[in-house]
Amino acid sequence: MGKHYFPAILFWIHVIPYVFSMGRTWSGGHAGITLNGTGFDIFSVTSDVGGYMNHFWITGGNKVNIDNAIVTIYVDGAADIEFKVNMASGVGFVDNVTTCDIGNCPEKNSAWGTQWIGKGSGMGGWYNNLQVPFRSHLRAYIRSPVSTCEKATGTRECNMEKNVDFWGGDLPNQIHQNISNFDACCQLCHQTSGCMAFTYHSIDNSTIPVSAKTCFLKSSKGLGKPTVGAYGGWIEGSSTLTGFDIIGNDVGSPVQTSSTTACSHACNESSVCLGFSYNTATGWCQFKSVSAEAFAVPSNTSLVSGPVDCGYGINDMSVFTLIRGVYDLDTIQLNLNGVAIPKSARLITQQNAMHLSPLDYYHLVDVPGGSGAVAMTTLAIVSGNANFMEGCFHFFSPCNASFPGQIMATGTEDYYDSGYYFIDAFPLHLPSTGFTYNEPVQNYAGFASALKWSAYRMHMVDQLLFSEGGRLSWRNGDVAIPGRGKCHHPANGTPVGSPTHSYVHSLAYVYVW
C-alpha cells in the first residue's frame with residue numbers, strides 16, 4: 001500500500017470580540033424642590049439593554065408633610081407603580097411631624113427601619129430598596145396630592161386609583177363602549193356636564209358584568225370597590241363629596257365657617273391641611289391631613305368632604321429625593337433570596353381602600369392571570385377594637401382556586417410573625433415584617449373608641465409565588481367551630497370576639513410575568 005500524503009490545510013478562524021457589559025450605576029437627586037400642585041420628574045434613565053432601580057429615598061423640608069406625596073414610576077412607558085409615601089414605607093397612616101420646628105418635635109415620630117424600608121428622622125426620611133426592572137426606560141415622577149391647580153391652568157389630567165371601581169353615581173345614558181384608554185375616558189368626563197368621576201374597565205369582567213374598554217361616567221366617586229382591571233378616575237377640584245366623611249386624620253379642633261367654600265378656604269390658610277369635612281347642619285369645619293381621596297366613606301347627608309381649594313391658593317410642599325440603580329446590563333437577573341425572577345418580570349403596585357363589615361373578605365393582591373411573586377404588602381386598619389386580628393390570611397394560586405386555598409396565617413398577627421394581638425410587641429421592626437403603628441383613639445371615625453393599626457410584610461425570603469393568577473385575601477375578624485378551629489369556614493361558625501366594621505387601606509408590590 002502506498003503512502004497517502006494530504007496537503008496541509010490552514011484554517012483561519014476569525015474571532016469577533018464581544019465585550020459583556022457589566023453595567024453602570026445611575027443616580028439622581030433633588031434638594032428642596034417645591035411641589036406646587038403639579039409635580040416634576042425626579043429622574044429619567046434610558047438604556048438599550050435595560051437595568052433596574054434599586055433605591056428610592058425621600059424626605060420633606062421643615063414643617064412639611066410629605067406622607068401624602070404621590071410617586072409614580074413609569075416603567076417602559078407604563079405607570080406600573082404608584083404610591084403615597086406613607087403606605088409605600090409600611091406605616092399606613094400620616095404620622096409625619098408637621099407642626100414643629102427641627103429639634104422641637106412631639107414624640108410621635110415613629111422612627112423605624114429595616115434593610116428594605118424605613119423612616120429615619122422626625123421630619124420624615126423614607127427609603128425603599130425594592131428592585132424595579134426596566135427594559136428600555138424608567139422615569140420617576142412626584143406630585144402633591146392637591147392638584148386642582150392642574151385644572152385651573154387648563155390641563156386635562158385626571159386622578160387615578162388602580163384596580164378600583166367607583167360604585168354608584170352613574171350619569172344617565174353615559175356608559176361608553178370601545179374607549180381606547182383611561183385618558184380618553186378622562187376627556188369624556190371633562191366634556192360631559194355633571195361628570196366629576198368615572199370608572200374605566202380595561203379588561204372583560206364577567207362578574208359585574210362589563211366588557212373591556214368601557215367607560216362609566218359618574219356624578220361622584222362613591223365607594224371604591226377593589227376590581228382587577230378597573231381604573232377609578234376623578235377630576236380634582238370638582239371632587240367635593242356630599243354625604244361623605246374623611247375618616248380620621250383630623251388636624252386640630254373643628255372651626256366654625258359659613259359654608260363649604262369657606263371651609264375649603266380656611267383649610268388652605270392652614271399650613272398642614274390637605275382636605276376637610278364640613279357639616280352643613282352645624283357649620284363645623286374639620287381640617288384633615290389627607291385629601292378627600294383617603295378614607296372618604298358614605299356618611300350622613302349633611303357632611304361634605306373635599307380637598308384644599310387650590311384655585312384659592314396652595315400650600316407648597318418642599319421635598320428632597322434620591323434615586324439610583326444600574327443600567328446597560330446584558331443580563332438582568334433579579335432574584336428573591338435565590339429564586340430567579342424572569343427577565344420579562346415587571347413590578348406593579350396594587351392598592352385598595354374599603355369600608356368592611358365584620359367578617360368581610362378583602363383582597364390585598366388580586367392578579368387574574370399569568371405568573372408572578374408577591375414582594376411586599378402593607379395593611380392599615382381603623383377598627384372599633386382589636387378583634388379584626390382574628391382574621392386569617394388565604395393565598396389562592398391559581399386565583400380561582402377553591403376556598404380556603406393555602407392558609408398563610410391563622411390570625412392577622414401571625415402573618416406578621418407575632419402572636420396574641422402583638423401584646424408588648426410594639427414597635428416591631430424586623431427585616432421581613434414590621435408592626436409600625438398602634439394608636440388607641442377616642443371619638444374617632446364614628447367610633448367611641450377605636451384602634452389605628454398598620455404593619456408590613458416582605459416576601460423576599462419566604463417567596464409567595466403564583467401561576468395562572470394569584471390572590472392574597474384577609475378577613476375582617478373570623479369565625480370558629482368548636483374542635484375544628486378557624487380559617488376553614490367562610491359561612492358557618494361563631495365569630496371570635498366581637499369584630500366591628502373597619503376602614504382598611506392596603507398597598508402591595510407584585511412582580512408579574
Side-chain angles (χ1 to χ4, degrees), residues 21-61 64-90 96 113 115-121 123-147 149-150 155 157 159-160 162 316-330 332 334 341 343 345-349 351 375-376 507 509-511:
S21 171
M22 299 304 292
R24 293 182 289 174
T25 294
W26 55 267
S27 181
H30 297 275
I33 298 296
T34 298
L35 296 183
N36 58 7
T38 53
F40 65 90
D41 283 334
I42 301 172
F43 196 77
S44 180
V45 60
T46 300
S47 170
D48 292 336
V49 293
Y52 56 86
M53 183 185 84
N54 57 22
H55 185 84
F56 178 80
W57 172 89
I58 182 172
T59 192
V64 172
N65 185 333
I66 61 160
D67 280 352
N68 273 307
I70 298 171
V71 176
T72 303
I73 307 295
Y74 294 85
V75 180
D76 300 324
D80 283 341
I81 301 169
E82 182 171 278
F83 55 78
K84 287 183 180 177
V85 175
N86 62 326
M87 283 301 295
S89 302
N96 192 13
Q115 62 179 335
W116 297 98
I117 52 179
K119 176 177 180 180
S121 71
M123 296 312 299
W126 307 96
Y127 65 91
N128 187 316
N129 277 22
L130 289 172
Q131 296 175 325
V132 182
F134 64 92
R135 306 268 46 92
S136 61
H137 183 254
L138 184 141
R139 171 191 171 215
Y141 177 80
I142 185 171
R143 65 180 176 89
S144 159
V146 182
S147 57
C149 287
E150 296 177 11
T155 61
E157 295 183 5
N159 289 296
M160 176 197 295
K162 293 184 179 181
D316 294 336
M317 180 184 292
S318 177
V319 298
F320 299 74
T321 64
L322 290 174
I323 183 172
R324 60 178 173 265
V326 295
Y327 70 124
D328 287 353
L329 297 174
D330 292 296
I332 300 176
L334 305 181
I341 299 298
K343 190 173 182 179
R346 294 161 43 223
L347 184 67
I348 64 171
T349 50
Q351 51 187 322
M376 172 187 169
L507 171 69
Y509 291 91
V510 186
Y511 288 105

### Query
Is a side-chain N or O of Thr72 found less than 3.5 angstrom from the main chain of Tyr141, in a donor-acceptor match?
no
### Query
Between Arg324 and Gly29, is there a donor-acceptor pair closer than 3.5 Å when you use the side chain of the first and the backbone of the second?
no
[atom1] of [X] to [atom2] of [Y]: how many Å apart, nearest 0.5 Å?
X	Y	atom1	atom2	answer
Gln131	Met53	CD	CE	10.0 Å
Met376	Leu347	CE	CG	11.0 Å
Thr321	His30	OG1	NE2	5.0 Å
Ser44	Tyr74	OG	OH	11.5 Å
Ile73	Asp80	CD1	CG	10.0 Å
Arg346	Ile341	CZ	CD1	14.0 Å

### Message
One pair to check against side chain to side chain contact (heavy atoms under 4.5 Å, CB included): Phe56 and Ile42. What are the steps and the verdict?
### Response
CA-CA 10 Å; Phe56 178 80; Ile42 301 172; 3.8 Å; yes
Of all heavy-atom pairs between [X] and [Y], which one has the smallest distance, and what is that distance?
X	Y	answer
Gly50	Ser47	N-OG, 3.1 Å
Thr46	Tyr327	O-CD1, 4.0 Å
Gln351	Glu82	NE2-O, 2.9 Å
Tyr52	Pro133	CB-CA, 3.6 Å

### Query
Can you check side chain to side chain contact (heavy atoms under 4.5 Å, CB included) on Ile81 and Tyr509, steps first, answer last?
CA-CA 8 Å; Ile81 301 169; Tyr509 291 91; 4.3 Å; yes
### Task
Measure the acute angle between the ring planes of Phe43 and Trp26, then classify it against the limits of 30° and 60° as parallel, tilted or perpendicular.
parallel
### Message
Is it the case that over 12 heavy atoms from other parts of the model lie below 6.0 angstrom from the CZ atom of Arg139?
### Response
yes
### Query
In terms of side-chain heavy atoms, does Asp76 have a donor or acceptor partner in His137 at a distance below 3.5 Å?
no
